[in-house]
Amino acid sequence: MIHHLLTPSLLQSLSLIHIFKGLIMTVARFAPSPTGYLHIGGLRTALFSWLWAKKMGGKFLLRIEDTDMARNSQEALVAIIEAFEWVGMDYDGEVIYQSQRFDIYNQYIVRLLEESKAYKCYMSKEELDALRESQMKAGERPRYDGKYRDFDGTPPLGVEPVIRIKAPQEGRIIFRDGVKGEIDIAADEVDDFVIARADGSPTYNFVVAIDDALMGVTDVIRGDDHLYNTPKQIVVYNALGFALPNFYHVAMINNEQGKKLSKRDGATDVMEYQKLGYLPEALLNFLVRLGWSYGDQEIFSVEELQTIFEPKSLSKSSSNYNLDKLLWLNAHYIKNKTNAELAQLLHPFGIDIREHDERELLLDATKERGKTLVELAEQIMMILKAPESYDEKAVKKGFKADSKETLLDFITMLEGWDKALHLPCDYHNVLEHFVATKEIGFGKIGQPLRIALLGSMTGSSLDEIMAIIGTKETADRVKRAIALL
RNA sequence: GACCCUUUCAUCUAGUGGCCAAGGAUGCUGCGUUUUCAUCGCAGUCACAGAGGUUCAAAUCCUCUAAGGGUCGCCA
């Protein structure tokens, strides 16, 4: 009987998974350190986290890792928000600044000290350096030797102590990484690391663990340069009795030569892509496919990604930045924009054709010829403005001795045309009629005309160009070319 | 130096023991469409890092080697 009552939809709404999801919401986060701009690699990690949170119906939080007070975190935040806005990403709740949470961290330091899970270490920097050096020489991994771990004597004078946490001295630290699989490290590889500096300020690996736990972060997606920090953070989680989140360590992006991406490789700041004429949807599509895949699919809208993204299909190995593919994607997204959208997007690139009479024609004639908005703007300018110079090679090849006469004959026919000339097909008729009556090949008029109108051998179709600029401007440009060439 | 991670076409990747003499995409080359260029369509080019094992069967599992990367801070 019960079977009949439990319809699939009823089952779904009653299912354990549903209830479970309601209890434990996915909380992802992006936690950049304030560098002043958002790095392209950072955007990708943020994107992965954001998509995952969206897909799970969870939250995506933003936290600024500014325990190092020297850098201006406010300025950095503005840059990050600007980039987020440009690509259409958002975050939930208030931005958290670690610099404003020192009292919280201090409470935990006091607690660990009281529980003797942490201790004061009086080792001087010189002593520490010497220790490391001798360990290196002995072929060991350099690490603090635990000298003050169980110290109860008289502390040396003149040394402000740091606070170190007691890391396990034997056994293994094992955790499951959602990308790399099981990570297994000997516990003694992790030394008693510093959780508070001599001036009392807390350190990175300590505050990250605390904040992630306090913010309820369930899924930590970050670059795999943090892989080795994870066991340290696990030590903190364990000492404080916090539940571990899921970790996903994403492999890095290298440059086209396979080396670490640096400023020398060109655009690393997300906002540079805007200036270079890339569309945010192209950038995101490009980045998401760098280290992540979904079968054979290449083109993804953000909306679709929000329903299909899974960090488990993240790649384990690093990937190379590939400009050709970005360009291809950008061209794809430009082609698929409406002309009204393009006119709007072009405005910051010095082209205002939002109210232009021939806006539709102009963009139809050019949008397949620009891989970036910058290139598209150039294409449009070529049509809108009479050429200031004529490409030498083109003239040599396409502007022959008899070209001037042919052109003159053509504009005579054009100006004497008895029907109205508006559409590309109207001009097409003139051109066809001209070629037919003169009994010449199309190249005889096509090439010189193109050079006269654009100054170049390549570009949009002549019909379209003439329809956009009109009969008078066509004639003017032809006359000018005849005079100059 | 120690520890950890990675390794499929030039590049991004599919691939979880037989469907793989390895698929898609970008790039490149050619052809077609186009009065040019571009777009588009079609075709071609190109890879399992190497060596051993396990198995009837290995890109897929194991071992070693090599190469690349990361980490070893009172930076994050």
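To find a chain, count down the sequence lines: A is the first, B the second, and so on, and within it residues start at 1.
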Tell me: [atom1] of [X] to [atom2] of [N], nearest whole Å?
X	N	atom1	atom2	answer
A/Lys137	B/rA2	NZ	C1'	16 Å
A/Leu227	B/rC4	CG	P	11 Å
A/Leu454	B/rU36	CG	P	15 Å
A/Leu327	B/rA38	CG	P	15 Å
A/Leu329	B/rA25	CG	P	13 Å
A/Asn255	B/rG68	CG	P	15 Å
A/Gln297	B/rU26	CD	P	14 Å
A/Leu362	B/rA38	CG	P	20 Å

Answer with base, sugar-phosphate or nothing: what part of the nucleic acid does [X] contact at a heavy-atom distance below 4.0 Å?
X	answer
A/Asp199	nothing
A/Val162	base
A/Arg143	nothing
A/Thr366	nothing
A/Gly443	nothing
A/Met382	nothing
A/Ser461	base

Looking at residues at least two apart in the chain, or sitting in another chain, which of them share a side-chain contact (heavy atoms from CB on, under 4.5 Å) with A/Glu256?
->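 Applying side-chain contact (heavy atoms from CB on, under 4.5 Å) to A/Glu256 gives A/Tyr321, A/Asn322, A/Leu323.
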Can you tell me, in whole Å, how much space there is between the P of B/rU6 and that of B/rA10?
->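 Nearest-Å result for B/rU6 against B/rA10 at atom P: 22 Å.
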Which value, in whole Å, describes the distance between the C1' atoms of nucleotides B/rU26 and B/rA67?
->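 So the two C1' atoms sit 26 Å from each other.
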Hey, do the aromatic rings of [X] and [Y] have their centres closer than 6.0 Å?
X	Y	value
A/Trp292	A/Phe48	no
A/His226	A/Tyr204	yes
A/Phe206	A/Tyr105	no

Charged N to carboxylate O under 4.0 angstrom, [X] versus [Y]?
X	Y	answer
A/Glu189	A/Arg141	yes
A/Asp212	A/Arg63	yes
A/Lys137	A/Glu140	no
A/Glu127	A/Lys147	yes

What is the base-pairing partner of [N], counting Watson-Crick and G-U wobble geometry with both distances under 3.5 Å?
N	answer
B/rU71	B/rA2
B/rA10	B/rU26
B/rG32	B/rC40
B/rC64	B/rG50
B/rA76	none
B/rC19	none
B/rA57	none

First encountered from the 5' end of RNA chain B, between A/Ala31 and A/Gln447 =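 On the 5' side of the pair lies A/Gln447.
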5′-ward residue of the pair A/Arg164/A/Asn254 relative to RNA chain B =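 The 5'-side residue here is A/Asn254.
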Side chain of [X], heavy atoms from C-beta onward: which of [options] has the nearest atom to it?
X	options	value
A/Asn229	B/rG69, B/rA2, B/rA76	B/rA76
A/Tyr228	B/rC5, B/rG1, B/rU71	B/rU71
A/Asp324	B/rU71, B/rG27, B/rC74	B/rG27
A/Lys125	B/rG1, B/rU71, B/rC74	B/rC74

Could A/Arg164 and A/Tyr119 be counted as a cation-pi pair, given that NZ or CZ must be under 6.0 Å from the ring centre and within 45° of the axis?
->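 Ring-cation test returns no.
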Summary of protein contacts for nucleotides 6-14 of chain B, nucleotide by nucleotide, where a base hit scores B, a sugar-phosphate-only hit scores S (4.0 Å, heavy atoms) | SS---BBSS
N/O contacts under 3.5 Å, protein versus nucleotides 47-50 of chain B?
none

Quick check: does any side chain N or O of A/Asp224 sit under 3.5 Å from a backbone N or O of A/Leu227, one acting as donor and the other as acceptor?
->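 No, the answer is negative, given that no donor and acceptor are paired below the 3.5 Å cut-off.
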Parallel, tilted or perpendicular, as decided by the 30° and 60° cut-offs, for the rings of A/Phe60 and A/Phe84 =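 Geometry flag for A/Phe60 against A/Phe84: parallel rings.
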Which is it for A/Lys166 and A/Asp192 under the salt bridge (charged side-chain N to carboxylate O under 4.0 Å, His left out) test, yes or no, and what are the steps along the way?
-> CA-CA 5 Å; A/Lys166 286 184 179 172; A/Asp192 290 352; over 6 Å; no
Look at the side-chain N and O atoms of A/Thr67 and state whether any lies under 4.0 Å from the OP1 or OP2 oxygen of B/rA76.
->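 Yes, within the criterion.
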Set of ring-ring contact (aromatic ring centres under 6.0 Å, His included) partners for A/His433, sequence neighbours left out =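 Once residues adjacent in sequence are excluded, the partners of A/His433 under the ring-ring contact (aromatic ring centres under 6.0 Å, His included) criterion are A/Trp417.
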At a cut-off of 3.5 Å, list every protein nitrogen or oxygen paired with a nitrogen or oxygen from nucleotides 39-45 of chain B, distance to 0.1 Å.
{"residue": "B/rU39", "atom": "O3'", "partner": "A/Lys335", "partner atom": "NZ", "Å": "2.8"}
{"residue": "B/rU39", "atom": "O2'", "partner": "A/Glu368", "partner atom": "OE2", "Å": "3.4"}
{"residue": "B/rC40", "atom": "OP1", "partner": "A/Lys335", "partner atom": "NZ", "Å": "2.8"}

For residues 391-407 of chain A, which side-chain donor-acceptor pairs fall under 3.5 Å, sequence neighbours excluded?
{"residue": "A/Asp391", "atom": "OD2", "partner": "A/Ala394", "partner atom": "N", "Å": "3.1"}
{"residue": "A/Lys400", "atom": "NZ", "partner": "A/Lys397", "partner atom": "O", "Å": "2.6"}
{"residue": "A/Ser403", "atom": "OG", "partner": "A/Lys400", "partner atom": "N", "Å": "2.7"}
{"residue": "A/Ser403", "atom": "OG", "partner": "A/Lys400", "partner atom": "O", "Å": "3.2"}
{"residue": "A/Lys404", "atom": "NZ", "partner": "A/Ile482", "partner atom": "O", "Å": "3.2"}
{"residue": "A/Lys404", "atom": "NZ", "partner": "A/Leu485", "partner atom": "O", "Å": "2.3"}
{"residue": "A/Thr406", "atom": "OG1", "partner": "A/Asp402", "partner atom": "O", "Å": "2.9"}

